[in-house]
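Letters go in sequence order (proteins before strands), and every chain restarts at 1.
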Amino acid sequence: MSSETATVQQVAREKGEIGNFSFPERHKFDAGYGLTRDTLDYISNVKKEPSWVNEFRHKALDVFLSKPMPTNWATKDLEAIDFDKIRYYLSDGAEPKRSWADVPPEVLETFDRLGVPEQERAFLAGVEAQYDSEAAYSNVKEALADEGVIFVTCSEGLKEHEEIFRPWFGKVIPTGDNKFSALNSAVMSGGSFIYIPPGVKVKHPLQAYFRINSENFGQFERTLIIADEGSEVMYMEGCTAPKFETATLHSAVVELVAMKGAKIQYITVQNWSSNVFNLVTKRGLAHEDAEIRWIDCNIGSRLTMKYPGVVMKGERARGEVISIALANDGQHQDTGAKMIHAANNTTSNVISKSISIGKGRSTYRGQVLIPKHLKGCKNNTECDALLINSKSRTDTYPAITVKGNQHVTQHEASVSQVSQEMLFYMQQRGLSETQAMSLAVNGFINDLVEEFPMEYSVELKRLIDLEMEGSVG
Amino acid sequence: MSATLTSPALEEFEALDWPVRTEENWRFGAWKQANLSGLELVGEGTSGQLPKPLEGFTRFVFENGTLVSGSSEAVTLVSESFGPISRLGSPKLAALHTAKSAHGLHIKSATDLSIEVIYFISGEGLLVPGVVIEAEGGANIRVLKRFISVDDSATTVVSATDVRVADNSHVSCLLTQELNMQSKLVRFSDSTLQDFSSAKLAVVHTGAKWVREETYSTVDGTDARSEIFSVALPSTGQEYDQRTFQHHGARDTYSNLLFKNTLFGKAKTIFSGLIFVDEDAHGTDAYQTCRNLMMTDDCEANSMPGLEINADDVKCSHGSTTSRVSDEEIFYLMARGISSRDARTLVAQGFSVEAIEKLEDEQLEAVALEVVARKFATVE
């Protein structure tokens with residue numbers, strides 16, 4: 001470690017150096033290993049946060065420490081997380097993290113195969129700390145500013161737009177929602193704050209890319225999006241290219257607020273490297289006539305636990321989750337959806353498709369709640385799983401609670417494999433077995449891929465081809 | 001039961017904990033109801049009015065723990081529990097059965113057999129009946145079991161059934177639960193199926209204030225077929241908590257589960273089901289359906305249909321629906337001169353019948369339908 005590195009826990013850090021980090025890193029700010037009250041103060045200090053945020057962090061730490069690991073229902077793999085061996089805050093300033101020589105050849109090859117633009121590659125590999133978006137997107141940013149759209153980092157949001165930010169911050173997902181939302185609340189850094197004024201319909205999808213900030217894909221992102229009455233916005237985070245990562249725990253919290261008649265679409269493509277625990281809490285609050293859609297694609301990570309939810313608080317609100325998960329060897333994609341109906345005539349729809357390859361395991365976990373004295377609520381849930389190899393595994397655990405007789409819910413799940421006839425047919429026409437399998441898998445998720453913006457869906461298809469390699473034959 | 005046999009079982013029972021709220025197998029469930037501590041065994045029973053005998057069936061009648069009539073070469077009266085195992089969250093209650101049960105029936109036959117077992121249940125306290133059904137040598141065994149309350153006391157029945165079907169044999173079993181509204185039922189229903197065997201196990205629940213039922217079906221033989229059906233008709237003051245597990249451990253097996261709940265008043269139901277396919281159980285066909293028909297605005301249905309699949313060459317699906325009788329159906333019937341109330345009853349009854357008909361056994365179906373009709377006459 002270079003002497004430039006600022007630390008609060010010299011001793012702990014030195015111990016941790018024997019850990020898993022194989023790349024030379026020079027961080028301008030580093031809170032060191034382990035989680036203590038000092039870590040929180042350090043983060044607050046570096047970020048020059050107001051005192052209410054610091055208090056918020058400390059309260060959250062208490063909650064985090066008091067909550068047990070949810071292993072009574074979740075996988076025991078969670079016990080492999082050693083909270084003392086994690087660095088909770090790293091910031092690079094504008095320094096590049098590593099050189100091209102440090103980036104493993106497989107990652108480079110993947111970039112090639114996916115056709116990732118040169119500039120994005122440098123950023124994704126950590127060779128450039130910044131993604132130079134100024135040139136490409138400055139026009140878009142100007143147009144947004146003219147309409148009164150606020151699109152800043154979460155830290156800026158809480159400092160400079162407190163009057164809009166604070167009333168909703170932590171309201172959709174309270175600190176105590178679960179152990180990992182509490183962890184995020186304690187050590188959050190990075191993430192976006194977006195506010196769309198009434199009636200503004202943002203034409204272009206907003207991407208996390210737009211911001212030049214190395215905390216962009218941070219470990220403990222905190223995002224809050226507020227769409228005011230009648231506005232519309234589409235937000236995209238992540239990317240199909242594998243994000244080259246050394247940190248092993250990611251725990252984001254994303255809160256969406258759709259006011260009356262507003263529409264929010266939140267698109268995620270997650271492709272963390274396969275050593276990452278990705279434990280994310282995402283929820284939206286939909287007021288009257290509002291619509292919130294989560295479009296979610298999970299390809300990477302060792303364990304992902306993510307159940308995007310929508311609380312339909314106003315009449316005729318609508319929630320939707322569209323989810324694709326791909327679990328390869330050594331991966332567990334534990335994804336799902338939560339639909340909480342809290343007003344009359346609210347409707348929700350969940351469509352989940354998962355593919356398990358090799359020894360991969362994919363899980364759907366869902367909750368639908370229709371409480372007492374409501375009328376006309378509807379939920380539709382469909383989960384389809386595709387198993388590629390004989391050791392592949394899939395699970396489905398939905399929970400549906402309905403009170404009263406004025407509602408309709410239906411849940412359906414199926415598990416299948418690619419039929420031999422289909423493969424035979426394609427092989428007869430000159431495709432290799434792998435190509436045939438890729439085509440079948442792409443066909444399986446095709447209707448969902450179409451929900452993604454065009455460039456994402458093209459990359460997704462290539463990525464699936466890549467994942468399918470070596471899985472058959 | 002000899003003292004030497006009881007004590008280890010009693011020790012095991014005492015070492016275990018009652019269910020707690022945080023257990024996943026008790027999600028949504030009334031875990032407090034499961035705490036039966038301090039409950040003493042019921043005393044002598046009394047008789048009730050015997051239903052019409054079924055043609056071809058040998059009848060056994062119990063008054064609480066005492067067998068008062070019935071005999072057959074294929075049936076042995078045993079004085080201890082077969083030792084049910086709970087794999088769905090109630091080991092303490094299973095241990096209770098092992099420790100306290102002093103009367104069970106062991107039905108074993110290599111030739112076709114039809115048995116009817118009637119339990120007249122009365123008095124306050126704990127009743128711990130057990131039945132083992134073993135079919136072998138290609139036999140077809142049919143069993144009708146009835147739990148009938150003969151007074152208004154709060155009896156807690158902890159019942160266990162073990163169905164073992166050897167190669168090429170078949171078992172059909174129907175349980176009708178007609179307890180009073182103060183009673184509780186905890187029930188363990190296990191079945192194990194060997195090669196080319198089949199079983200149809202059905203229950204009809206109309207009584208009891210609280211039912212916890214754990215149905216575990218092990219489909220361990222090639223080409224074995226396991227079918228599980230349930231019709232539940234809870235009304236105000238009743239809560240049914242049913243957990244099921246379809247375990248496929250061999251190639252080319254089949255299982256089908258159909259649960260139909262019709263909820264009246266302030267009834268509450270919980271269905272939690274899991275299809276589990278072992279790594280080598282290729283060619284599995286497994287289905288699971290839970291359907292809830294909501295008759296009022298105060299009832300509550302919880303469904304947790306689950307799948308855990310570890311083999312790729314399988315066809316598995318589950319479905320769960322919750323809705324009410326559609327206005328179109330009511331309108332259709334009313335247009336033909338049927339009152340709104342009758343129309344709703346008619347549709348709801350038809351809904352239950354679908355599961356009963358799957359038994360494909362006219363005599364057993366007739367009993368089930370009669371029990372269902374009796375419940376319908378008392379609600380709304």
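Contact count versus chain B (heavy atoms, under 4.5 Å) is highest, among A:L369, A:T396, A:L386, A:N72, for A:T396. In terms of heavy-atom pairs under 4.5 Å with chain A, the best-connected choice from B:G306, B:S323, B:S303 is B:S303. Top candidate by heavy-atom pairs under 4.5 Å with chain A, chosen from B:L263, B:I309, B:N302, is B:I309. The residue among B:C299, B:A311, B:S317, B:P305 with the most heavy atom pairs within less than 4.5 Å of chain A is B:P305. Contacts with chain B were tallied for A:Q406, A:H373, A:Q420; A:Q406 has the most, counting heavy-atom pairs under 4.5 Å.
At a threshold of 4.5 Å between non-hydrogen side-chain atoms, the residues A:K372 and B:E300 do not count as touching. Using a 4.5 Å heavy-atom threshold, the side chains of A:V402 and B:N292 count as separate. Under the 4.5 Å side-chain criterion, counting only non-hydrogen atoms from C-beta, B:E308 is in contact with A:R393.
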Pair A:K403-B:K268, side-chain contact (heavy atoms from CB on, under 4.5 Å): steps then yes or no: CA-CA 9 Å; A:K403 298 185 188 182; B:K268 178 178 173 184; over 6 Å; no
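Nearest heavy atom pair, residue A:A413 against residue B:L307, reads CB-CD1, 4.2 Å.
Contacts of A:E382 with chain B are absent, with no heavy-atom separation under 4.5 Å from either backbone or side chain. Contacts between A:L374 and chain B at a heavy-atom distance below 4.5 Å involve the backbone alone (N, CA, C, O). Of the two parts of A:S392, only the backbone, made up of N, CA, C and O, holds a non-hydrogen atom closer than 4.5 Å to a non-hydrogen atom of chain B. The contact between B:F28 and chain A is made entirely by side chain atoms (from C-beta outward), counting heavy-atom distances below 4.5 Å.
Separation of atoms CD (A:Q367) and CE (B:M304) is listed at 10.5 Å; rounding is to 0.5 Å.
Counting only N and O atoms by type, the side chains of A:S390 and B:D312 include no donor and acceptor under 3.5 Å apart.
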